[in-house]
Amino acid sequence: MTRIFSLEGSVQHYEWGGQQFLPELVNRPLDEQPWAELWLGAHPKAPSLIDGNSLSVIISNESEAMLGREVAEKFATLPFLLKVLDVEKMLSIQVHPTLEQAREGFAREELAGIPVDAPGRNYRDANHKPELMVALSDFWLLHGFRTEASACTALRLHPELTGLADQLEAVGMDAFYREVMLHPNDDLLTTMAALANRLGQLPEISKHEPDYWFLKAADSAGGQLEPGMLSIYLLNLVFMQEGEGLFQDAGIPHAYLYGQNIEIMANSDNVLRAGLTPKHIDVPELLSVIRTEAVRPRILKGTMVAEARVSYSAPVLDFALEKVAVQETTALHWPARSQPMVLLVMQGVVTINGDVTLGRGESAFVMVDTELTLDIMADSQLFVASSNLPEPETYQKIRLEY
């Protein structure tokens with residue numbers, strides 16, 4: 001019985017995507033449209049294909065055989081979605097709900113009769129969306145709120161924003177952010193416009209400064225500023241190098257700014273946006289989910305778990321992610337596990353069990369309880385995604401910590 005299947009991923013052509021990295025990765029001709037995301041998974045919006053058939057449908061028809069009893073009972077479908085992103089333009093500032101918030105929000109919008117694909121819909125499914133990313137290049141993003149002292153310092157670097165710093169210092173981050181987002185006024189937008197005008201006259205600004213991204217956001221908006229852009233000075237600006245990872249938990253505001261990455265998440269498309277986007281923004285709903293406490297970004301270097309295998313930890317049962325990188329031709333063995341897996345080759349050539357050979361940009365779905373031998377050519381790199389349920393005998397004992 002075949003247990004390993006070549007996958008055909010789905011490409012999302014969002015306007016913020018680049019035009020070269022992803023088509024070259026999947027060996028497709030360059031064209032004029034943006035290539036933002038490659039999806040590998042069973043999300044009904046854009047499921048991967050096996051021999052032209054939807055992975056989502058295949059799993060729904062044979063869930064226990066494809067996923068294993070424990071995964072099928074807990075999640076009913078493949079619980080993770082693996083993506084490759086090419087961020088050429090800034091993404092929206094966004095947050096994702098907890099599982100309870102997603103279930104409540106989805107049920108509320110279903111009861112209201114809002115079509116699941118309506119542009120104004122907040123909750124497109126009833127699942128949470130924790131995320132883990134690993135940089136494939138130099139990568140910039142916003143992640144979580146700064147401390148109030150740090151945010152005040154960032155604002156006071158600009159004479160236009162000192163009044164906002166005084167307000168933040170007086171009322172605290174939570175009240176300040178809610179006031180800015182719920183009750184923007186012409187004075188605030190005029191202040192932001194004056195700042196953008198002054199920054200635009202400077203000869204050069206480093207990508208490591210919030211000013212660079214504020215000016216880029218203002219330019220991208222064609223001068224149509226919005227209060228959410230102030231978040232650039234309130235959130236941590238994070239620079240990551242290739243191979244470094246970061247976990248994005250529910251309620252933590254974040255925005256990808258520039259670069260390429262691998263991203264794995266729970267199988268959901270629930271996004272609540274604060275700004276930097278022409279898409280739907282629901283400020284009250286956003287504020288019901290967002291966490292405004294200060295966050296210290298925790299950069300994950302990965303943990304070596306076996307030869308050539310680096311694991312990136314996340315405190316969820318929905319997914320786990322490993323990177324495999326070799327310099328010399330290598331054979332690696334995986335014992336059979338009670339987890340389904342998706343393999344994606346980013347560089348080189350990998351042959352699975354002497355049967356399925358994957359080159360750059362190619363991927364495969366591996367059924368539960370499949371023993372693997374990977375014959376990996378020199379200078380190859382791949383990512384291995386799986387669910388993260390403990391093996392059955394330890395299921396009641398394990399407690400993930402973060």
Give the table of side-chain donor-acceptor pairs shorter than 3.5 Å for residues 229-242, with sequence neighbours excluded, one pair per line with atom names and distance.
residue, atom, partner, partner atom, Å
Ser231, OG, Tyr177, OH, 2.9
Ser231, OG, Gly228, O, 2.8
Tyr233, OH, Asp211, OD1, 2.7
Asn236, ND2, His143, O, 3.0
Asn236, ND2, Gly144, O, 3.1
Asn236, ND2, Phe145, O, 3.2
Asn236, ND2, Val295, O, 2.8

Distance-only criterion, 3.5 Å: show the donor-acceptor pairs between side-chain atoms of residues 213-220 and protein atoms not counting sequence neighbours.
residue, atom, partner, partner atom, Å
Trp213, NE1, Lys207, O, 2.7
Ser220, OG, Lys216, O, 2.9

Name each donor-acceptor pair under 3.5 Å that joins a side chain in residues 376-386 to protein atoms two or more places apart or in another chain, with its distance.
residue, atom, partner, partner atom, Å
Ser380, OG, Val349, N, 3.1
Ser380, OG, Met377, O, 2.8

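Leu332 is not listed as a side-chain neighbour of Thr373, based on a closest heavy-atom distance of 4.5 Å or more. Two residues are said to be in side-chain contact when any heavy atoms from C-beta on lie closer than 4.5 Å; Leu91 and His254 fail this criterion. Side-chain contact between Glu8 and Ser6 is absent, with no heavy atoms from C-beta onward closer than 4.5 Å. Two residues are said to be in side-chain contact when any heavy atoms from C-beta on lie closer than 4.5 Å; Glu362 and Val345 fail this criterion. Residues Val84 and Leu344 form a side-chain contact, since some pair of their non-hydrogen atoms from C-beta on lies under 4.5 Å apart. Using a 4.5 Å heavy-atom threshold, the side chains of Ile58 and Ile50 count as touching. With a 4.5 Å cut-off on side-chain heavy atoms, Leu38 and Val26 count as touching. A 4.5 Å side-chain heavy-atom check between Pro97 and Tyr123 finds at least one atom pair inside the cut-off.
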### Task
Check step by step if side chain to side chain contact (heavy atoms under 4.5 Å, CB included) holds for Met265 and His96.
CA-CA 11 Å; Met265 63 199 67; His96 307 300; over 6 Å; no
### Message
Could you walk me through whether Leu287 and Arg178 satisfy the side chain to side chain contact (heavy atoms under 4.5 Å, CB included) test, starting with their C-alpha distance in whole Å, then the side-chain angles of each, then the deciding distance to 0.1 Å, before giving a yes or no?
### Response
CA-CA 7 Å; Leu287 295 177; Arg178 291 177 186 280; 3.2 Å; yes
### Message
side chain to side chain contact (heavy atoms under 4.5 Å, CB included) for Leu286 and Ile281? Distances and angles first, verdict last.
### Response
CA-CA 8 Å; Leu286 168 88; Ile281 296 176; 6.0 Å; no
### Task
Determine, stepwise, if the pair Leu40 / Leu81 fulfils side chain to side chain contact (heavy atoms under 4.5 Å, CB included).
CA-CA 6 Å; Leu40 298 169; Leu81 178 60; 5.8 Å; no
### Task
Run the numbers on Gln94 and Ser92 for side chain to side chain donor-acceptor pair (under 3.5 Å), then give the verdict.
CA-CA 6 Å; Gln94 57 190 250; Ser92 61; 2.9 Å; yes
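The ring-ring contact (aromatic ring centres under 6.0 Å, His included) test applied to His128 returns no partner, not counting sequence neighbours. Not counting sequence neighbours, Phe365 has no partner by the ring-ring contact (aromatic ring centres under 6.0 Å, His included) test. Listed by chain and number, the residues in a salt bridge (charged side-chain N to carboxylate O under 4.0 Å, His left out) with Glu263 amount to none (sequence neighbours excluded). For Asn122, the side chain to side chain contact (heavy atoms under 4.5 Å, CB included) partners are Glu109, Leu272, His280, Asp282, Glu285, not counting sequence neighbours. Remark: Glu64 engages no residue in a salt bridge (charged side-chain N to carboxylate O under 4.0 Å, His left out) (not counting sequence neighbours). Shown here are the ring-ring contact (aromatic ring centres under 6.0 Å, His included) partners of His13, two or more places apart in sequence or in another chain: Trp35. Arg156 is linked by a salt bridge (charged side-chain N to carboxylate O under 4.0 Å, His left out) to Asp166, Glu169, counting only residues two or more places apart in sequence or in another chain. Taking Lys45 as the reference, Asp269 meet the salt bridge (charged side-chain N to carboxylate O under 4.0 Å, His left out) condition, with sequence neighbours excluded. By the ring-ring contact (aromatic ring centres under 6.0 Å, His included) test, Tyr312 is found to be paired with no residue, residues two or more places apart in sequence or in another chain being considered.
In this structure, Glu371 does not pair ionically with Arg3, as no charged nitrogen and carboxylate oxygen lie closer than 4.0 Å. A salt bridge links Glu131 with Lys129: the closest approach of a Lys/Arg side-chain nitrogen to an acidic carboxylate oxygen falls below 4.0 angstrom. Lys74 and Glu70 are not joined by a salt bridge, as no carboxylate oxygen comes within less than 4.0 angstrom of a charged side-chain nitrogen.
Using modelled atom types, no side-chain atom of Thr2 and backbone atom of Ile4 make a donor-acceptor pair closer than 3.5 Å. A distance-only check finds no donor-acceptor pair linking the side chain of Arg337 to the backbone of Gln339 [under 3.5 Å]. A distance-only check finds no donor-acceptor pair linking the side chain of Gln248 to the backbone of Pro130 [under 3.5 Å]. Ser137 places a side-chain N or O within donor-acceptor distance of the main-chain N or O of Gln260, the cut-off being under 3.5 Å. A donor-acceptor pair is defined here as one N or O able to donate and one able to accept, closer than 3.5 Å; no such pair exists between the side chain of Asn353 and the backbone of Asp355. A donor-acceptor contact shorter than 3.5 Å is absent between the side chain of Thr351 and the backbone of Gly354. Judged by distance alone, the side chain of Glu209 and the main-chain N or O of Ser206 form no donor-acceptor pair under 3.5 Å. A donor-acceptor contact shorter than 3.5 Å links the side chain of Thr330 to the backbone of Glu328. Side-chain N or O atoms of Asn197 include none that pairs as donor or acceptor with a backbone N or O of Ala193 at under 3.5 Å. No donor-acceptor distance shorter than 3.5 angstrom exists from the side chain of Arg309 to the backbone of Met304, with no hydrogens or angles considered.
Other residues, nucleotides and ligands contribute only 12 or fewer heavy atoms inside 6.0 Å of the CG atom of Asp186. Atom CD of Gln201 has more than 12 neighbouring heavy atoms from other residues, nucleotides or ligands inside a 6.0 Å radius. Annotation: Asp51, atom CG; neighbour count of heavy atoms from other residues, nucleotides and ligands within 6.0 Å does not exceed 12. Around atom CZ of Arg198, more than 12 heavy atoms belonging to other residues, nucleotides or ligands sit under 6.0 Å away.
With rounding to the nearest 0.5 Å, the separation of CZ in Phe106 from CD1 in Ile114 is 11.0 Å.
Closest heavy-atom contact between Leu78 and Asn267: O-ND2, 3.3 Å. Shown here for Met133 and Tyr256, the closest heavy-atom pair between the two residues is CB-OH, 3.5 Å. Scanning all heavy atoms of the two residues, the minimum distance from Thr77 to Val71 falls at O-CG1, 4.4 Å. Contact detail for Ala165 and Cys152: the closest heavy-atom pair is O-SG, 3.6 Å. The two atoms that bring Ala126 and Asn270 nearest to each other are N-ND2, 4.5 Å, heavy atoms only. When all heavy atoms of Gly68 and Val368 are compared, the pair lying nearest together is N-CG1, 3.3 Å.
Counting only N and O atoms by type, the side chains of Asn127 and Ser268 include no donor and acceptor under 3.5 Å apart.
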